[in-house]
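Written below as structure tokens is the structure these notes are about.
Keep in mind that what you see is a predicted model, and the values were worked out from it rather than measured. So you know, we letter chains A, B, ... as the sequences are listed, proteins then strands, and number each from 1.
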Amino acid sequence: MAKFKRTHHCGMLSLTNIGKQVQLAGWAASIRDQGGVIFLDLRDRSGRIQVVFNKEKNEKLHEKANHVRAEYSVRVEGTVEKRSPDTVNPKIPTGEIEVIATEIEILNTTAMLPFQIECQDELNEEVRLKYRYLDLRRPEMMSNLMFRHKLVQAAREYLDGSGFIEVETPVLTKSTPEGSRDYLVPSRVHEGCFYALPQSPQLFKQILQISGIEKYYQLARCFRDEDLRADRQPEHTQIDMEMSFVDVDDIIEMIEGLIRSIFKKTLNLDIPAPFKRITYEEAMLKYGSDKPDLRFGCEIMDVSPIVSQTDFNVFKETLSNGGVVRMLVGPGCADFSIKDMDELTSFLKNFGAKGLAWIKVLEGEEFKSPIVKFFKPEMLKQLKQSGNAKAGDVLFFVADHVNVACDSLGALRLKIGNVKNLINKETFHFSWVLDFPMFEWNEEEKRYQAVHHPFTSPRLEDLDKIETSPLEVKARAYDLVLNGTEVGGGSIRMHNEDMQSRVFRVLGIDASSAQERFGFLLTALKFGAPPHGGIAIGLDRLAMLLLRLNSIRDVIAFPKTQKATCPMTGSPSTVDEKQLREIHIKLRRE
RNA sequence: GGGGGUGUAGCUCAGCCUGGUUAGAGCGCCAGCCUGUCACGCUGGAAGUCGCGGGUUCAACUCCCGUCGCUCCCGCCA
């Protein structure tokens, strides 16, 4: 190995290298032994190249190659040659050339592989994670990691070019039990005290504005001890930003530039800007979601006024109890069977809906449904017209509290979009959701809580309502949505201690408790804090969506399972009694 | 915490509904043959605690109860 100097990467070789003596290193991806000639596909992170060992030309070398097995790491010396036309492999980029070996060295052999590196089958997630190093060897995963790197580089370039300064903030920080559950780290030095891992660098980036950094960014790891999903991990990475002397439009403009730049440099796509803007209220009404998928129409509408005179008891009672009746037209859904409808109904029960009413629209002025008898012909006509429904469509109804109606019809809309292929999976549709409410009522804790977070500024025109009617106050917050997934969110913050204290009071955080938890921020705000705001983009989700994947685990090198474990390292794990004693922790026996 | 799917050879799966020979297939692995393959081919071989525990039964991969892992969703995620 001493004299070896790698000259090329496998996938970079091309016709321009013909006649060159090259030195390569990588893994044996595939070995095809023809008896007198052995073909070895050598793979490194750049791709693969066919290496040829001919018994007639070099018997000793051929014999050495005979011992190579799949996934051995090897180095190869040889000459690049053009393949004869009948032996060209059009399926791989280097298929027009091959390397005629003059030397091969086995650098390492392999144990029995738990799975084939290039197999086409879907692999069990646990096996992949246990042998993640082998999983990452798979070209698809390797290219995911390389794509993510490109995305990060594009973001850094753009932000650096726009005058942003990358600043690191602490990972060991203070627990602020507002928001999601913290990961806690016990202090050895201070008995009974704990650090928390940051849910986001929120307060540090605000304080950096008070310092005068003006434009901050960081690729920040964020930790949240909540249950996992395909697009949620206990730790994820945000492209985190904050700017001084800005308002909503400044942030939006900057992010649209960042996104456009990322798409151009990674996928070579031009994303049109400005992105569509939609209010929270409209999103909830028309799409039943605060992260609407705008790649297709199929809008929900409130038909409470139309059906107010119906004899249908379910609708009647819901309306008289202050609920709503909302309708969604399912294009071409008239072919759904009774069984399909039952399945949809039980699917919607997930979202709290007690039932799903449906009316099939037939030719002429005919309708078909178990409940059609409760509706006068005039009303049916009106429903059909207002929903712009055609024969073959189905009118779906959910009658319930506003929230349940939104959630369930929003979910139904996505389901129908998928089942009926209404979604163009090729497009990237960005939008901004604006005018979020500032507060929401937490029934469990009997108090108001911040929809975004407690540092978000209310709209200035709503300031009078903070104490009197908090639910009507809108926030200067904005979410970035891509194809129905929230990929970013942020707000203009309060830069004034008085206003911050007022908001704390509405949230039920009294002065002394505010002082205890956020006193450092309140104090800092007193020292000429500039107006400021920011946003964070979910890097993992963005990478996932750009690569059209279904899980962020596929763009994270070492993700956790749904139970937040790591099958490779075996974390989390128990620790020695001695370690526990040092941090003053005694386990409860449950 | 709740609902759905799933667990059988190293990997991907069939078998289970309707209990009954020795639990199969493809890929991989091992050995042999093969001088233009590229999902190489051909011949032969090894390989199983049917996730785990309990129950029903003459008999359980199969039925029942419990439990655990993986996964998708609801709750949760300021």
Complementary nucleotide of B/rG7, counting Watson-Crick and G-U pairs under 3.5 Å | B/rC68
Remember a base hit wins even if backbone is also touched, and classify A/Phe351 as base, sugar-phosphate or nothing at under 4.0 Å, heavy atoms.
-> sugar-phosphate
Roughly how many Å is it from NZ in A/Lys560 to C1' in B/rU71, rounded to a whole number?
-> 18 Å
When you measure from the side chain of A/Phe39, which nucleotide among B/rG36, B/rG10, B/rU35 comes out closest?
-> B/rG36
Side chains of A/Ser200 and A/Gln238: do they bring a donor and an acceptor to under 3.5 Å?
-> no
Do A/Ser512 and A/Asp510 meet the criterion of a side-chain donor-acceptor pair at a distance under 3.5 Å?
-> yes
Tell me: CD1 of A/Ile31 to C1' of B/rU37, nearest whole Å?
-> 13 Å
Give A/Glu126 one of three labels, base, sugar-phosphate or nothing, depending on what nucleic acid heavy atoms sit under 4.0 Å from its own.
-> sugar-phosphate
Apply the ring-ring contact (aromatic ring centres under 6.0 Å, His included) test between A/Tyr280 and each candidate in A/Phe436, A/Trp432, A/Tyr287; give the one that qualifies.
-> A/Phe436
Establish, with yes or no, whether the OP1 or OP2 oxygen of B/rU12 is under 4.0 angstrom from a side-chain nitrogen or oxygen of A/Arg128.
-> no
Measure from the side chain of A/Asp33, starting at C-beta and using heavy atoms only, and say which of B/rC34, B/rG36, B/rC73 lies closest.
-> B/rC34
Nearest whole angstrom, please: distance from the C1' of B/rG5 to the CD of A/Glu343.
-> 13 Å
Atom-to-atom span, CD of A/Gln116 to C1' of B/rC13 - whole angstrom | 14 Å
Given B/rC29, B/rC70, B/rC74, the nucleotide with the shortest approach to the side chain of A/Asn350 = B/rC74
Is there ring stacking between A/Phe115 and B/rC11, where the centres must be under 5.5 angstrom apart and the planes under 30 degrees?
-> no
Describe the nucleic acid contact of A/Lys349 in one word from base, sugar-phosphate, nothing, applying a heavy-atom distance below 4.0 Å.
-> nothing
Could you grab the distance from atom CD of A/Gln209 to atom CG of A/Leu525, nearest 0.5 Å is fine?
-> 12.0 Å
Nearest-Å distance once atom P is located in both B/rU8 and B/rG53 | 15 Å
side-chain N/O A/Thr561 vs B/rC70 OP1/OP2, d < 4.0 Å = yes
Say you pick atom P in B/rC61 and the same atom in B/rC68; how far apart are they, in whole Å?
-> 23 Å
With under 30° as parallel and over 60° as perpendicular, where do the rings of A/Phe455 and A/Phe518 fit, or are they tilted in between?
-> perpendicular
With both distances under 3.5 angstrom, what nucleotide forms a Watson-Crick or G-U wobble pair with B/rA31?
-> B/rU43
B/rC30 versus B/rG15 - spacing of their P atoms, nearest Å = 31 Å
Return the residues of residues 81-96 of chain A meeting this criterion: a heavy atom under 4.0 Å from some atom of RNA chain B. Order them by number, or give none.
-> A/Arg83, A/Thr87, A/Val88, A/Asn89, A/Lys91
Nearest-angstrom distance, P atom, B/rG10 to B/rG48 = 7 Å
Donor-acceptor pair under 3.5 Å, A/Glu122 side chain vs B/rU12 base | no
If you look at every strand shown and take non-hydrogen atoms under 4.0 Å, does A/Glu125 touch a base, only sugar-phosphate, or nothing?
-> sugar-phosphate
Taking all non-hydrogen atoms of both residues into account, name the closest pair between A/Cys10 and A/Leu42 and its distance.
-> SG-O, 3.6 Å
Interatomic distance where CG belongs to A/Asn442 and C1' belongs to B/rC77 [whole Å] | 13 Å
Distance in angstrom units between A/Glu71 CD and B/rG28 P, rounded = 13 Å
Check every atom of B/rC40, B/rC70, B/rC77 against the side chain of A/Arg32 and return the nucleotide holding the closest atom.
-> B/rC40
Give the rounded distance in Å between these two atoms: CD of A/Glu443 and C1' of B/rC76.
-> 17 Å
Using the C1' atom in both, what is the distance from B/rA25 to B/rC72, to the nearest Å?
-> 28 Å
When both distances are under 3.5 Å in a Watson-Crick or G-U wobble arrangement, the nucleotide paired with B/rC76 is none
Do you know which two heavy atoms are closest between A/Lys205 and A/Glu242, and how far apart they sit?
-> CE-OE1, 3.1 Å
Between the side chains of A/Arg221 and A/Thr237, is a donor N or O closer than 3.5 angstrom to an acceptor N or O?
-> yes
Using the P atoms only, state how far B/rC74 lies from B/rC13, rounded to an integer number of Å.
-> 24 Å
Name the closest nucleotide to the A/Arg69 side chain, picking from B/rC70, B/rG26, B/rC30.
-> B/rC30
A/Tyr72-A/Trp27 aromatic ring centre distance below 6.0 Å = no
So which nucleotide from B/rU35, B/rU71, B/rC38 ends up closest to the side chain of A/Gln562?
-> B/rU71
May I ask you to verify whether the side chain of A/Arg229 and the base of B/rG75 hold a donor-acceptor pair under 3.5 Å?
-> yes
Between B/rG7 and B/rU12 - C1' atom distance, rounded Å = 13 Å
Would you indicate what A/Ile38 reaches in the nucleic acid, counting non-hydrogen atoms under 4.0 angstrom: base, sugar-phosphate, or nothing?
-> nothing
What nucleotide among B/rC77, B/rU12, B/rC70 has an atom nearest to a side-chain atom of A/Leu123?
-> B/rU12
Tell me what A/Leu228 touches on the nucleic acid: a base, only sugar-phosphate, or nothing, going by heavy atoms under 4.0 Å.
-> nothing
Polar side-chain contact A/Arg232-B/rC77 base: donor and acceptor under 3.5 Å = yes
Using a heavy-atom cut-off of under 4.0 Å over every strand shown, decide if A/Glu98 touches base, sugar-phosphate, or nothing.
-> base
Cut-off 3.5 Å, side chains only: do A/Asp342 and A/Thr345 have a donor facing an acceptor?
-> no
Describe the nucleic acid contact of A/Asp227 in one word from base, sugar-phosphate, nothing, applying a heavy-atom distance below 4.0 Å.
-> base
B/rA31, B/rC72, B/rC40: which one has an atom nearest the side-chain heavy atoms of A/Gln34?
-> B/rC40
Separation of the C1' atoms in B/rC40 and B/rG28, to the nearest angstrom | 15 Å
Report the distance from atom CD1 of A/Ile97 to atom CD1 of A/Ile92, rounding to the nearest 0.5 Å.
-> 9.0 Å
Provide, to the nearest angstrom, the distance between the NE2 atom belonging to A/His62 and the P atom belonging to B/rU37.
-> 15 Å
Looking at every strand, decide which applies to A/Pro114 at a 4.0 Å heavy-atom threshold: base, sugar-phosphate, or nothing.
-> sugar-phosphate
Who pairs with B/rG36 - Watson-Crick or G-U, where each distance is under 3.5 Å = none
The answer to which of A/Gly35 and A/Glu444 contacts RNA chain B further toward the 5' end, by nearest nucleotide, is A/Gly35
I would like to know whether A/Glu445 and A/Arg447 meet salt bridge (charged side-chain N to carboxylate O under 4.0 Å, His left out); could you show each step before the answer?
-> CA-CA 6 Å; A/Glu445 296 176 27; A/Arg447 67 179 187 92; 3.0 Å; yes
